[in-house]
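Letters go in sequence order (proteins before strands), and every chain restarts at 1. Note that the coordinates shown come from a computational prediction; the quantities given were computed from them, not determined experimentally.
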Number of protein chains: 2
Amino acid sequence: MSEPTRNRRRVTAADVAREAGVSQSAVSRVFTEGASVSGRMDARVREAAERLGYRPNVLARSLITGRTRIIGLVVAYLDNPFYPDAIEKLSAALQEEGYHLLIFTTGRTEMDVDRIFQELMDYRVDGIIAASINLSGDLAKRCREAGMPVVLFNRGTDQGGISAVTSDNVAGGRMVAEFLLRGGHRRLAHIAGWEASSTGRDRLQGFRDHLKGAGRPLMYVADGAYDRHRASEAARFLMGQAVPPDAIFVANDHMALAVMDCLRHDLGLRVPEDVSIVGYDDVPMAGWPSYDLTTVRQPTRRMVEASVAELMRLIAAPARQATTTRIDGPLVVRGSARLPEDRT
Amino acid sequence: MSEPTRNRRRVTAADVAREAGVSQSAVSRVFTEGASVSGRMDARVREAAERLGYRPNVLARSLITGRTRIIGLVVAYLDNPFYPDAIEKLSAALQEEGYHLLIFTTGRTEMDVDRIFQELMDYRVDGIIAASINLSGDLAKRCREAGMPVVLFNRGTDQGGISAVTSDNVAGGRMVAEFLLRGGHRRLAHIAGWEASSTGRDRLQGFRDHLKGAGRPLMYVADGAYDRHRASEAARFLMGQAVPPDAIFVANDHMALAVMDCLRHDLGLRVPEDVSIVGYDDVPMAGWPSYDLTTVRQPTRRMVEASVAELMRLIAAPARQATTTRIDGPLVVRGSARLPEDRT
DNA sequence: CGGGTGTTTGCATACGTATGCAAAGACCGG
DNA sequence: CCGGTCTTTGCATACGTATGCAAACACCCG
């Protein structure tokens with residue numbers, strides 16, 4: 001850890017007070033929304049502040065108000081394009097509310113729960129948005145017990161007491177099953193997300209249950225671990241079976257794009273003629289002409305809105321009951337899967 | 001803006017002091033690296049802190065030390081995959097140094113310099129990493145003048161006094177020109193980044209100057225504005241010329257991938273048979289088999305290391321002279337451009 | 001044992017700010 | 001003009017912490 005020198009001097013409220021010939025508390029009141037201050041005083045102080053280049057120190061304020069206006073964002077990695085997009089939107093939405101995101105990256109390895117928890121505590125963040133696939137329930141629980149508002153983004157949870165915003169993954173998986181069956185597919189396979197991930201389990205569950213109910217049980221499930229390389233291996237495994245599948249539902253787009261590349265470029269297969277592919281997320285790349293991926297759209301904007309709204313509610317009333325919000329997204333039909341006959 | 005209630009009570013150093021039967025300053029010293037404290041005292045205080053769940057408040061500390069351990073990250077958008085990757089690496093590197101990134105997103109529109117500057121001041125960030133394409137020189141200059149360490153990431157600057165880390169864009173453009181000429185291309189075009197962007201200008205300059213020196217002047221330059229849609233339009237424009245180019249150097253991969261899709265899927269052309277494409281960045285998608293893009297690799301890891309190192313130096317000695325670091329990256333030859341004969 | 005030197009500890013204060021409270025000021029009505 | 005009521009202002013204090021300084025303690029050597 002670097003050892004920096006002491007910070008240079010900065011303009012304080014006391015300087016502004018002196019310049020305007022008023023008290024420090026008047027200066028504070030001018031910059032505090034809702035405080036009682038006359039129009040004359042307001043103008044006088046603001047002019048002095050402008051002259052001196054003064055801005056209130058949010059962090060000093062936080063000692064009194066107990067509010068830092070900082071939201072901790074816990075995220076594993078950013079190479080799945082779903083997350084950069086979501087973060088951009090989260091940041092914009094929170095900036096509108098006067099908050100900023102402080103990033104805590106966990107990387108792909110087993111999360112060091114103690115370290116992340118301590119760092120979140122260090123900064124007295126007003127709340128946490130957790131968008132990390134390897135987020136342990138333990139961390140979320142500890143944060144919640146320490147009184148921090150927590151919202152899981154695109155993460156579900158088996159534990160009560162933690163708020164979460166997801167798309168309706170069960171319904172999404174079901175929608176894909178319906179669509180593929182109507183397209184005449186008979187040998188259905190799934191490349192799953194990650195066994196510990198509830199979003200991945202829910203997508204599989206919706207898909208599997210619907211197939212079963214239609215008398216077309218799921219033939220294969222292979223583990224993709226939300227990783228491109230693993231997904232390619234899973235695709236090779238599936239297509240190497242004596243009776244290969246004619247459609248594969250892949251648990252997210254990030255993997256689905258890799259599966260398509262593998263099928264076409266490594267295995268010399270055609271998509272959708274030889275095998276249909278459906279993904280989940282509708283990341284920007286899904287719409288690129290080279291892929292033209294049929295996929296369930298995660299309604300990122302609405303998920304972001306719901307997450308920010310829930311976080312604001314928790315910040316306002318920390319003892320508030322946790323909620324789980326599931327938001328429906330449509331199936332976006334592009335060119336990677338054969339169409340149901342009544343759709344041509 | 002939400003109006004949150006007052007924060008709940010938290011464990012303080014005074015509580016730990018009481019629990020351990022020592023002074024508050026002893027507690028502080030135990031958690032301050034380099035402070036003089038006996039092993040016995042250290043153990044006693046840490047045990048009490050552990051029992052009570054105490055963590056020092058970084059923000060309260062910042063009032064004394066003048067150090068927040070927060071770095072402001074100014075970024076426009078995250079849909080160019082170069083930036084998510086860089087941010088992930090920046091975050092990891094800074095976490096190693098005990099810092100965290102606070103995000104300030106500017107969006108794609110004309111940047112509101114006053115707002116961003118004020119918000120950066122509000123949080124008393126220890127330094128700023130600016131990775132925004134629409135970052136105005138004015139903001140960087142104002143921050144620097146206000147005493148904040150600033151490092152431009154993948155941004156150059158025409159103004160002195162601001163540190164910057166880029167790849168060697170001129171050399172990169174030159175490398176592309178050499179490569180394409182050796183591949184027998186005769187009609188060279190460029191889809192440029194953004195007229196106000198020095199990285200874009202430097203890439204064009206390296207490309208153009210080398211072509212000119214070789215007696216093969218650049219035929220066309222079209223503006224892509226670092227935007228997929230604009231890049232596709234530029235590609236259409238170029239290929240619609242009476243004498244279309246046989247090679248296009250695109251100022252970044254984000255646009256190059258869109259150009260490839262447009263050429264193949266909209267214009268029915270073959271890449272590289274009909275027209276070679278070379279990009280810049282080597283984002284993850286460039287290596288995907290559907291694209292297999294030949295491109296200049298921006299050495300993200302080394303750029304991140306250089307940026308963090310420079311930022312740490314500036315934090316330690318704010319009056320330090322600004323530096324510009326240019327890091328070479330290789331040309332990564334894949335399948336989107338015809339090879340020089342001596343390369344087959 | 002006493003003196004010299006180095007280490008450790010607590011006191012008092014400061015960092016930049018918000019806020020409760022009492023006093024002063026402003027305004028209105030009788 | 002006076003009394004009542006509302007608004008505004010400054011004082012004093014608190015938030016959670018680090019640090020200069022002086023006193024106490026510990027250790028070593030002659």
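A straight line from CE of A:Met121 to P of D:dG16 spans 13 Å, rounded to a whole angstrom. In this structure, A:Phe31 places its CZ atom 17 Å from C1' of C:dT19, rounding to the nearest Å. Rounded to a whole Å, the CG atom of B:Asp15 is 13 Å from the C1' atom of D:dC15. The CD1 atom of B:Ile64 sits 5 Å away from the C1' atom of D:dT17 (whole-angstrom rounding). Atom-to-atom, OH of A:Tyr123 to P of D:dT17 comes out at 15 Å; the value is rounded to the nearest Å. The interatomic distance linking B:Arg10 (CZ) with D:dT17 (P) rounds to 11 Å, in whole Å. If you measure from atom CZ of A:Arg67 to atom P of D:dC15, you get 17 Å, rounded to the nearest angstrom.
Taking only side-chain atoms of B:Arg29, from C-beta outward, the nucleotide of C:dT9, D:dT7, C:dG16 with the closest atom is C:dT9. You'll find that the side chain of B:Ser25 is closest to D:dT19, out of D:dT19, D:dT17, D:dT9. The B:Ser36 side chain lies nearest to C:dT8 when the options are D:dG16, C:dT8, C:dC11.
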Point to revise | CA sep, side-chain torsions, deciding dist, call: B:Arg18, B:Asp15, salt bridge (Lys or Arg N to Asp or Glu O under 4.0 Å) | key: CA-CA 5 Å; B:Arg18 205 174 298 121; B:Asp15 299 321; 3.2 Å; yes
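Residues A:Thr166 and A:Asn154 bring no donor and acceptor atom of their side chains to less than 3.5 Å of each other. No hydrogens or angles considered: a donor-acceptor pair under 3.5 Å links the side chains of B:Thr105 and A:Ser91. Between the side chains of A:Thr323 and A:Glu310, a donor-acceptor pair is found at a separation under 3.5 Å.
Look at A:Glu119 and A:Arg115 and you find a salt bridge, because one of the NZ, NE, NH1 or NH2 atoms lies within 4.0 Å of a carboxylate O, short of that distance.
For B:Asp114, the side chain to side chain donor-acceptor pair (under 3.5 Å) partners are B:Arg142, not counting sequence neighbours. Here A:Tyr123 pairs with B:His100 under the ring pair (Phe, Tyr, Trp, His ring centres under 6.0 Å) rule; sequence neighbours left out.
Interface residues of residues 39-57 of chain A facing DNA chain C, ordered by number: A:Tyr54, A:Arg55, A:Pro56, A:Asn57; criterion, heavy-atom separation under 4.0 Å.
The shortest distance between the side-chain N/O atoms of B:Ser23 and the OP1/OP2 oxygens of C:dG10 is below 4.0 Å.
Remark on DNA chain D: of its neighbouring residues B:Gln24 and A:Val22, the 5'-side contact belongs to A:Val22, judged by nearest-heavy-atom nucleotide.
Residue A:Val27 is classed as having no contact, given no heavy-atom separation below 4.0 Å to the nucleic acid.
Judged by atom type and distance alone, A:Arg124 does not reach the base of D:dG16 through any side-chain donor-acceptor pair under 3.5 Å.
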